[in-house]
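Below is the structure I would like to discuss, written out as structure tokens.
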Protein chains: 2
Amino acid sequence: MTSAAKTLAPETPGLDPAEPTARQAAVLDAVLALMQEEGGQLTMAAVARRASCSKETLYKWFGDRDGLLTATVQWQASRVRAGRYDRQRLDASSLRDSLRDFAANWLSVISSPTSIALNRLAISHAASKQSNLGQIVLENGRFAIGNRLKPVLEEGRAAGLLAFDDTEAAFRTFFGLAGRDVQIRLLLGDDLKLGKAEIARDAAAATDQFLTLYGRTDQKPAAA
Amino acid sequence: MTSAAKTLAPETPGLDPAEPTARQAAVLDAVLALMQEEGGQLTMAAVARRASCSKETLYKWFGDRDGLLTATVQWQASRVRAGRYDRQRLDASSLRDSLRDFAANWLSVISSPTSIALNRLAISHAASKQSNLGQIVLENGRFAIGNRLKPVLEEGRAAGLLAFDDTEAAFRTFFGLAGRDVQIRLLLGDDLKLGKAEIARDAAAATDQFLTLYGRTDQKPAAA
DNA sequence: AAGGAACCGTACCGTACGTTACGGTTCTCT
DNA sequence: AGAGAACCGTAACGTACGGTACGGTTCCTT
């Protein structure tokens with residue numbers, strides 16, 4: 001923590017989170033791959049070996065081990081930007097579809113090996129208070145999905161499809177209905193198996209429950 | 001992992017999880033205290049210093065570092081056995097009270113510094129696959145509350161107050177409604193403040209939502 | 001009181017790993 | 001082609017920490 005660890009890619013000025021070069025991205029992918037393997041040998045030497053680069057280069061690019069891990073977390077976060085929900089005309093059916101997509105997408109994310117490894121890493125570091133990995137993961141996970149879903153909820157309310165006072169509270173209910181015990185079980189090593197089918201089913205169930213709680217004129221239209 | 005690490009307290013035979021002696025319990029409490037401090041110096045030397053005992057004794061009693069941590073987790077688990085819910089006659093009101101108590105108790109547990117530290121530790125170890133701390137924590141957390149709450153749900157169903165097919169699914173919904181994003185945020189270091197008042201309010205809200213989803217003839221009896 | 005077990009405090013050992021240093025190679029620029 | 005930067009592979013260094021050894025002290029047993 002003494003030396004550089006500031007500018008990640010000097011050749012692309014102006015970007016603060018610092019877009020990594022292709023080679024740097026390959027290194028970060030190596031880190032991601034490495035931390036998903038159970039043996040968990042996440043050492044600088046292992047990263048250098050896996051990425052076929054020298055340790056000197058790692059330190060030159062990322063400053064220290066913490067910088068490398070932070071860059072890795074941000075790198076992964078930067079490509080989860082998928083799934084924009086363009087505002088279409090909202091009726092009961094499209095709202096339900098949107099919610100289902102959100103829930104299914106979220107379940108897919110939190111059950112992916114990458115997310116599990118990343119969250120474990122960030123949680124470990126949150127214990128030692130040595131970095132802000134936890135904040136980064138939160139910002140790109142729980143809070144990011146909140147910021148993307150809340151406009152949908154408010155549009156649903158504006159369209160008379162949903163009824164709630166506190167958007168945040170409504171979102172947290174949806175979050176709980178969708179996620180339930182999945183994330184904590186996976187983080188603790190329970191081998192919960194979540195296939196596409198289960199995710200789709202659970203996302204639909206959570207959405208139906210949410211609409212039961214917050215839907216307005218909408219009710220059970222014998223969906224399934 | 002080469003030497004002892006089997007019988008924790010030879011002077012109390014017959015107990016498999018091995019009730020620790022008073023002195024040993026003091027050591028385990030030192031570990032618990034140590035892992036709640038942010039600096040997180042959870043080394044054998046630090047434990048010995050904190051507990052005013054020698055490292056040699058630690059190794060004699062617990063075998064190795066992993067044995068010490070496992071004993072600590074089990075020690076903490078052994079005293080969360082509080083909150084037995086004696087089956088009283090179940091009416092709508094007492095069921096609602098029971099559910100609120102469960103939710104409030106669970107929120108208190110997961111927001112306590114001890115639980116946070118313990119879960120962080122277990123999650124870190126789940127990454128390295130080096131022990132079964134994760135399983136122990138799951139067994140005494142998520143699954144323990146499930147086993148205690150499910151009978152209540154089934155009594156509620158038997159009494160005609162609740163309607164559901166799958167007890168496990170109903171419990172998981174309750175779990176999600178109560179916990180929502182609380183645990184993951186706390187584990188990742190978000191400084192979410194949960195006082196008694198918030199817990200009581202959130203537990204009541206979760207219970208009301210659960211009863212809306214699963215209650216039978218029961219509805220909003222203008223409780224508050 | 002004598003013997004011994006248990007235990008404390010400290011010193012010591014070996015290893016793992018973060019970090020730095022360096023020689024040799026490849027790539028870039030002019 | 002030649003100079004210099006960037007980088008790879010490997011070696012070396014220092015420290016932190018898990019685990020062990022040992023002398024001295026307390027306490028229990030007989």
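By convention in this document, chain letters (A, B, ...) are assigned in the order of the sequence lines, proteins followed by strands, and residues within each chain are numbered from 1.
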*For S54(A) and T57(A), does a side-chain donor sit closer than 3.5 Å to a side-chain acceptor?*
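The answer is yes; a qualifying pair exists.
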*Would you mind reading off the distance between R65(B) atom CZ and dA16(D) atom P, rounded to a whole angstrom?*
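Those two atoms, CZ and P, are 16 Å apart.
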*Could you tell me the separation between the CG atom of L58(A) and the P atom of dG9(D), rounded to a whole number of Å?*
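It works out to 11 Å between those atoms.
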*Nearest-angstrom distance from the residue atom CZ of R49(A) to C1' of dT10(D)*: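 To the nearest whole Å, that distance equals 12 Å.
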*Looking only at side-chain atoms of Y59(A), point me to the closest of dG9(C), dT19(C), dC8(D).*
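So the nucleotide nearest the side chain must be dT19(C).
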*Quiz item: K55(B) side-chain donor-acceptor pair to dG19(D) base, under 3.5 Å*: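 Answer is yes: a donor-acceptor pair is held.
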_Let's see if you can work this out: which of dT19(C), dC7(C), dG18(D) has an atom nearest to the side-chain heavy atoms of T57(B)?_
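Minimum distance to the T57(B) side chain belongs to dC7(C).
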*Separation of Q41(A) atom CD from dT15(C) atom C1', in whole Å?*
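That distance rounds to 13 Å.
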*Hey, is the side chain of W61(B) poking within less than 4.0 Å of OP1 or OP2 on dA6(C), counting only N and O atoms?*
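The answer is no; no side-chain N or O of W61(B) sits under 4.0 Å from OP1 or OP2.
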*Give R23(B) one of three labels, base, sugar-phosphate or nothing, depending on what nucleic acid heavy atoms sit under 4.0 Å from its own.*
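Sugar-phosphate, no base atom in range.
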*Once you round it to whole Å, what is the distance between P of dA6(D) and CD of Q24(A)?*
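Taking CD of Q24(A) and P of dA6(D), I get 12 Å after rounding.
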*Which residue lies more 5' along DNA chain C, comparing A45(A) with E56(A) via nearest heavy atoms*: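 Comparing both residues, the 5'-ward one is A45(A).
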*Test log, rule salt bridge (charged side-chain N to carboxylate O under 4.0 Å, His left out), inputs R96(A) and D208(A)*: CA-CA 8 Å; R96(A) 185 183 298 262; D208(A) 289 348; 2.5 Å; yes
*What orientation do F164(B) and Y214(B) show, parallel under 30°, tilted 30 to 60°, or perpendicular over 60°?*
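Correct class here is perpendicular.
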*Considering heavy-atom distances to DNA chain C, does M44(A) or S52(B) have its closest nucleotide positioned more toward the 5' end?*
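Result: S52(B).
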_Side-chain donor-acceptor contact under 3.5 Å, Q76(A) with T114(A)_ =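 Short answer, no.
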*Nearest to the side chain of T43(A) - dC17(C), dT19(C), dC8(C)?*
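Minimum distance to the T43(A) side chain belongs to dC17(C).
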*Would you indicate whether the side-chain heavy atoms of N119(B) and Q183(B) approach each other to under 4.5 Å?*
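SC-SC contact between Q183(B) and N119(B) confirmed.
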*Report the distance from atom CZ of F62(B) to atom P of dA6(C), rounded to the nearest whole Å.*
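About 15 Å, once rounded to whole Å.
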